[in-house]
Amino acid sequence: MRKVRVSGCAALVLALVVALAACSNEPVAPPPPAPIPTPQPEPTRLVVGVDDMGAGFNPHLLAHQSPVTSALATLVLPSVFRPDAEGAMHIDPTIATSAEVTATEPFTVSYELNLEASWSSNAPIAAEDFVYLWEQMRSQPGVTDAAGYQLITEVRSRAGGKAVDVVFSQQYPAWQHLFSNLLPAHILKDAPGSWTGALTDGIPASGGPFRVTTVDRARGEVLLTRNDLYWDTPAVLDELQFRRLGPDELAPALAAGDVDVAMPRAEPEIRTALGGLQPAPKLQSVAESVVTQLGMRADGGPLADARIRRGIAMLLDREAIRASVAPEALTADAFGLAPSQPGYAPTAADDSPLHPDAARAAQLLASAGWSRDLTTGRWAVAGGPVSLVIGAANERPEDVDVARAVAEQLDAAGVDVTMVAPTAVELFGQPAVPAVPPGTISSIA
């Protein structure tokens, strides 16, 4: 076999060539320049000035009723039916594809839900949301418009929760007003106290074009942003902000352009301040869908007897109270529909205590054990003077005015009355109401 020998000189030359190649002076291509960042456009935002934030954002609680709560419910929470500009109810196709009476014995309403409708948490808007709202409205204290839910005997789920049958104990003509502002049952149903607590500082999930991003009570601001998971036409605005402004701050904020729209109470001072702006802003009065009711506590105390409650109602001149407190308001004598809505007709029974009747009131009170001093005209029971406590939410001036008018009429009729005005949360959500005189609480966040 021949041996091949590589000389050391050849290896040295090869190594030298490689070394020279590695150290050549050929130019190296520079790295490509970094891309110039594209400036992001500022989010489109509408700022709305409001009087106050309210105590919370559950639209079904009396204690949380406010213009901000109503606005958030419309923008964030799903409703099967919504009113048009004239107040007529129309189905919202983004939530339900159909809703109709399917049986009369028993009275049954069937809903077919939009298959795409879902919460921003990705859970579907489904039958469990109907069940949750029904159960809360018939069991929780201080709820608003609960009578229709009390007539429901069963809520049945079909089609994997995307169809619902609601069964009533009797016919209910105003059924289209039910199941508005549904709440996310999958978040709230198992959390203790969530009916109130989870909606005190926000709404945990959205079923509408916007979602609640932040609630800053210290600064008086609520920020809504576009719900990117909304399945229908997206909102045009990126952000919507509600900002609390005092009466002296609102007009300057509008003039400076810090506020785009304002929703203040239509009080004379506000009208005067806004009327002095140049150029003058467009002012439009908007009626609030609010019904003021006088509720009488029947679970105990001096009004436990139905005869006494009826007698007290007959001592009151409801029309005089309306005329003195809210002369522009309409008298409501029907359940379900407001006087301004199509199809409204009085439904109050013929013997309803809609008008004062002092003689009939005296008969009822006397039959329940009350007696009247012929000298002083004051009513007494069990040897002592009758004393009633009437309460109104301190942060609602109209309610306080109504309560004061009721107290004056009862006092004139011989009934001693003490008036208290705690916060709405204390008044509607607690069994024992603190004796807070009207005007004691200076401000509510």
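Along the sequence shown, residues are numbered consecutively beginning with 1. The basis for the numbers below is simple: all heavy atoms, side chains too, and nothing from hydrogens, waters or symmetry mates. As the structure is a computational prediction, the values presented were derived from the model and not from experiment.
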Over 60° means perpendicular and under 30° means parallel, so tell me whether Tyr111 and Phe179 are parallel, tilted or perpendicular.
perpendicular
Going by the angle between their ring planes, with limits at 30° and 60°, are Trp175 and Phe81 parallel, tilted or perpendicular?
perpendicular
Using the salt bridge (charged side-chain N to carboxylate O under 4.0 Å, His left out) rule, take Asp317 and Arg322 through it: C-alpha gap first, then chi angles, then the decisive distance, then the call.
CA-CA 9 Å; Asp317 188 338; Arg322 184 199 64 78; over 6 Å; no
Please identify which of these residues, Val215, Asp216, Val68, meets the side-chain contact (heavy atoms from CB on, under 4.5 Å) condition with Met53.
Val215
Matching residue for Met263 among Asp51, Val50, Leu250 - test: side-chain contact (heavy atoms from CB on, under 4.5 Å):
Val50
From [X] atom [atom1] to [Y] atom [atom2], the distance as rounded to the nearest 0.5 Å:
X	Y	atom1	atom2	value
Gln409	Ser324	CD	OG	7.5 Å
Asn58	Thr200	CG	OG1	8.5 Å
Ser371	Leu365	OG	CG	10.5 Å
Leu61	Thr144	CG	OG1	9.0 Å
Glu249	Arg244	CD	CZ	9.0 Å
Gln241	Thr225	CD	OG1	12.0 Å

[Y] backbone acceptor or donor facing [X] side chain under 3.5 Å:
X	Y	value
His186	Glu128	no
Thr97	Pro93	no
Arg360	Met314	no
Glu239	Leu223	no
Thr375	Asp373	no
Arg219	Arg243	no
Asn227	Gly207	no
Thr153	Val167	yes

Of all the heavy-atom pairs spanning [X] and [Y], show the shortest one and how long it is.
X	Y	value
Ala298	Arg309	CB-NH1, 3.3 Å
Leu224	Leu75	CD2-CD1, 3.8 Å
Pro204	Leu188	CG-CD2, 4.0 Å
Ser121	Ala205	OG-CB, 4.4 Å
Ala99	Val80	CB-CG1, 4.3 Å
Ala127	Ala163	CB-O, 4.4 Å

What I'd like to find out is whether the side chain of [X] reaches to under 4.5 Å of the side chain of [Y], using heavy atoms alone.
X	Y	value
Phe57	Val76	no
Val400	Met419	yes
Leu388	Pro302	yes
Arg45	Val47	yes
His64	Thr196	yes
Ile125	Trp119	yes
Leu237	Phe210	yes
Arg211	Leu229	no

With no hydrogens and no angle check, just 3.5 Å: does a side-chain donor-acceptor pair link [X] and [Y]?
X	Y	result
Asp92	Thr94	yes
His90	Asp84	yes
Asn394	Thr423	no

So Glu112 and Arg158, side-chain contact (heavy atoms from CB on, under 4.5 Å) or not? Walk me through it.
CA-CA 9 Å; Glu112 303 293 331; Arg158 294 185 288 107; 3.0 Å; yes
Show your reasoning for whether side-chain contact (heavy atoms from CB on, under 4.5 Å) applies to Arg318 and Asp333.
CA-CA 11 Å; Arg318 186 180 62 151; Asp333 289 330; 2.6 Å; yes
How far apart are the C-alpha atoms of Arg396 and Gln65, what are their side-chain angles, what is the distance that settles it, and do they pass the side-chain contact (heavy atoms from CB on, under 4.5 Å) test?
CA-CA 10 Å; Arg396 301 181 187 177; Gln65 297 298 297; 3.4 Å; yes
Quick one: do Trp195 and Val143 satisfy side-chain contact (heavy atoms from CB on, under 4.5 Å)? Show the steps, please.
CA-CA 11 Å; Trp195 173 252; Val143 296; 4.0 Å; yes
Between Asp129 and Lys189, does any NZ, NE, NH1 or NH2 come within less than 4.0 Å of an OD or OE carboxylate oxygen?
no
Residues Arg226, Asp238: salt bridge by 4.0 Å N-O rule
yes
Can you see whether Trp134 has Arg138 sitting over its ring - NZ or CZ less than 6.0 Å from the centre and within 45° of the normal?
yes
For residues 66-81, which residue pairs pass the salt bridge (charged side-chain N to carboxylate O under 4.0 Å, His left out) check, not counting sequence neighbours?
none
Hey, would you say the Tyr149 and Phe130 ring centroids sit under 6.0 Å apart?
no
